[in-house]
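Working notes, structure below.
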Amino acid sequence: MAILFHNTLTKQTEPFESIRRGRVTMYGCGPTVYDFAHIGNFRSFLFADLLRRYFEFMGYDVRQVMNITDVGHMTDDQVADGAGEDKMQVAARKLKEAKKSGGVEAGAVENPDDPYQVAAYYTDAFLEDGRKLGLKVAFEYPRNILRATQHIDDMLGLIERLVRNGHAYVAEDGVVYYSVESFPEYGRLSGNTLDMLREGSGGRVMEEDQAKKRHPSDFMLWKPDPAHVMKWKSPWGEGYPGWHIECSAMAMRELGDVIDIHTGGEDLIFPHHECEIAQSRGGSGETAFARVWLHVRFLLVEGEKMSKRLGNFFTVRDVLQGKVTGRPVHPAVLRYELIKSHYRANMNFTAKGLVDSAGNVLKLNRFVRQLEEETGGASVEADASHPVLREFREALSDDLNVAGGLAAVLPWSNKKPKDAREALGVCRSINRVLGVAPLEPTTFPQGVEQFGIVHDPAILETCRAIDAARADRDFQTADELRRRLVEQGFQVQTSRDGTSVQQQLA
RNA sequence: GGCGCCGUAGCCAAGCGGCUAAGGCAGCGGAUUGCAAAUCCGCCAUCCCCGGUUCGAAUCCGGGCGGCGCCUCCA
């Protein structure tokens, strides 16, 4: 069966064929660690995760690599390459403020002026969030998640090659620039042309800075700057790398000169990915860097662009702690919410959507739990021709149509299956991709409670009190106790068999 | 102004030229219940607009309109 993807590079939906049969190499742009990652970032990371799980589900041997940008790039790079304030310093200042106001636990970062400590703090936070949301690659750190600061040598090697073969030059200010005019295909990915870029740059960049470049779109590979907080020795003086070079250097180091798939948010198409292609191909001489480029659309929050000003800017921890719904959200619910719609359509993140997702996640888990009880947990490997598996596979094979896949699973899970063991096998197969029912025990060894099952003795005692009151026909007391449990975020079921509660997942 | 993606019910969303347009949430009616919740049964859209191709289009083509992104750091 054909696997189809909409390739940004060709602007067409085309059949996928990996470079090496049965193997896929994937590179995805990861987070910068100057702050906590937000849900928009995670939509993109989860897309890469889903893609990787899909290929594994299809029997491919997958190697997925992601970067962590822990080099402090500059706040005003757009005005003049390397201008403004170092983002690590901004992060340090914010951390100090947060420590004062108690926003960050004291001692979390001993010395905020040490950029490596700041980076380590936010890297840990990212990994923690990623693991909660079932991001497989987050469990492989430090393998497969590479930090830019650990790969300066790879970057220097690539820059050297680019200078040597004429794709890069040292300008009179000592900065090493990539010459976009040396690479005829610059602009192919984004649909830009050098002429258009030249015009478009008018009035937006500082003339004096541009004068040192051969073309306004030439971008920085290395900037000598001994005063910079994070700096490394190089043939062009002590300084720091440009922000595009890390991805090229690390992807090629880990995955080879040509990779199968490169992913990222749609905003990265230009300039970041355009520049990556230019650097990588300039260095390798290959006719491609990534054969397929996949880009995730932006996420909106309640119909609006997420911004700190509008107050609709949410980190993963904000959502999990209940900042959106008013009660804690189970990580599987957030995972489901962020993967349920097609990656090439804008998704609208809403409190209502989260609650809806919680309903579906609960339903799927209930279904799996029932099957486990019925079979004692013994599943039968489901035949690939099973209608649900087939539909699921076909939907995902069509440009990773998760919604279509869910459309096959949800109606099916509403009905009692004929063969429970086979059904359980189907669920387990599908869950290797979705990762929500349940959150896989292999990837969540500890720390995440079973879905909705309540162990709190005080709560269970209240349930017994309700039973007692109802037995006495003291309905006023029973109703009052029930009302309190509901207020605390529990779903309460009273029946002849006694009162039981389930934790709301969102 | 240039490049690209998207547009199916209140919300999410399937659909890839042909049975009465999946499914979920919400809503409504009913069963059940001390009352609820949960559960079960039933109801709930002609597919952004216009034109074309076709025996037949939500599905293909052309033109609009709308949303979003990029062209400047950003998933």
P gap between B/C44 and B/G63, integer Å: 39 Å
Quick test of your reading: applying salt bridge (Lys or Arg N to Asp or Glu O under 4.0 Å), list the pairs with at least one residue in residues 347-362 of chain A, sequence neighbours left out, ordered by first then second residue. A/Lys352-A/Asp356
In whole angstrom, give the distance that lies between atom CE of A/Met306 and atom P of B/C68. 15 Å
What contact category does A/Gly264 fall into here, base, sugar-phosphate, or nothing, at under 4.0 angstrom with non-hydrogen atoms? sugar-phosphate
Quick one: A/Glu302 CD to B/G67 C1', roughly how many Å, whole number? 16 Å
Using a cut-off of 4.0 Å between protein heavy atoms and nucleotide atoms, how would you tag nucleotides 34-44 of chain B 5' to 3' with B, S and -? BBBBSS-----
Between B/G23 (P) and A/Leu406 (CG): distance, integer Å: 15 Å
May I ask you to check whether A/Asn67 and A/Glu246 show a side-chain donor-acceptor distance below 3.5 Å? yes
Is it true that A/Arg483 and A/Asp479 make a salt bridge, defined as a side-chain N closer than 4.0 Å to a carboxylate O? no
Whether each nucleotide of nucleotides 6-17 of chain B has a protein heavy atom under 4.0 Å at its base (B), only at its sugar-phosphate (S) or at neither (-) is summarised, 5' to 3', as S---BBSSSSB-
Can you tell me how far C1' of B/G69 sits from CG of A/Leu189, to the nearest Å? 14 Å
Using whole Å, report how far CZ of A/Phe367 lies from P of B/G24. 14 Å
Whole-angstrom distance between B/G64 and B/G42, as gauged at atom C1': 42 Å
With sugar-phosphate meaning primed atoms plus P, OP1 and OP2, does A/Leu299 contact a base, only sugar-phosphate, or nothing at under 4.0 Å between heavy atoms? base
Give the minimum heavy-atom separation between A/Cys29 and A/His273, together with the two atoms involved. SG-NE2, 3.3 Å
Evaluate whether atom NZ of A/Lys11 has more than 12 neighbouring non-hydrogen atoms of other residues, nucleotides or ligands under 6.0 angstrom away. yes
Assert: residue with more 5' nearest nucleotide on RNA chain B, out of A/Gln12 and A/Phe298, is A/Gln12
For nucleotides B/A31 and B/A22, find the distance between their P atoms and express it as a whole number of Å. 28 Å
With distance as the sole test, does A/Arg464 use its side chain to make a donor-acceptor pair with the main-chain N or O of A/Thr499 at under 3.5 Å? yes
Pick the C1' atom in B/G23 and in B/G34, then give their distance to the nearest Å. 36 Å
What is the distance, to the nearest angstrom, from the CD1 atom on A/Ile269 to the P atom on B/G2? 18 Å
Given the C1' atoms of B/U54 and B/C61, what is the spacing between them in whole Å? 12 Å
Just by modelled atom types, is the A/Gly40 backbone N or O under 3.5 Å from a matching donor or acceptor in the A/Ser44 side chain? no
Please state how far atom CG in A/Asp399 lies from atom P in B/C5, giving the value in whole angstrom units. 12 Å
Centroid-centroid distance, A/Phe36 to A/Tyr122, less than 6.0 Å: yes
Expressed in whole Å, how much space separates the P atoms belonging to B/U33 and B/G18? 47 Å
Would a line drawn from the ring center of A/Phe16 to the ring center of A/Phe55 be shorter than 6.0 Å? yes
Determine the interatomic distance between P on B/G62 and the same-named atom on B/G4; round to the nearest Å. 13 Å
Send over the distance from A/Leu268 CG to B/G69 C1', rounded to a whole Å. 11 Å
Whole-Å C1' distance, B/A21 and B/C16: 14 Å
Taking ring pair (Phe, Tyr, Trp, His ring centres under 6.0 Å) as the criterion, tell me which of A/Phe349, A/Phe45, A/Phe313 meets it with A/His38. A/Phe313
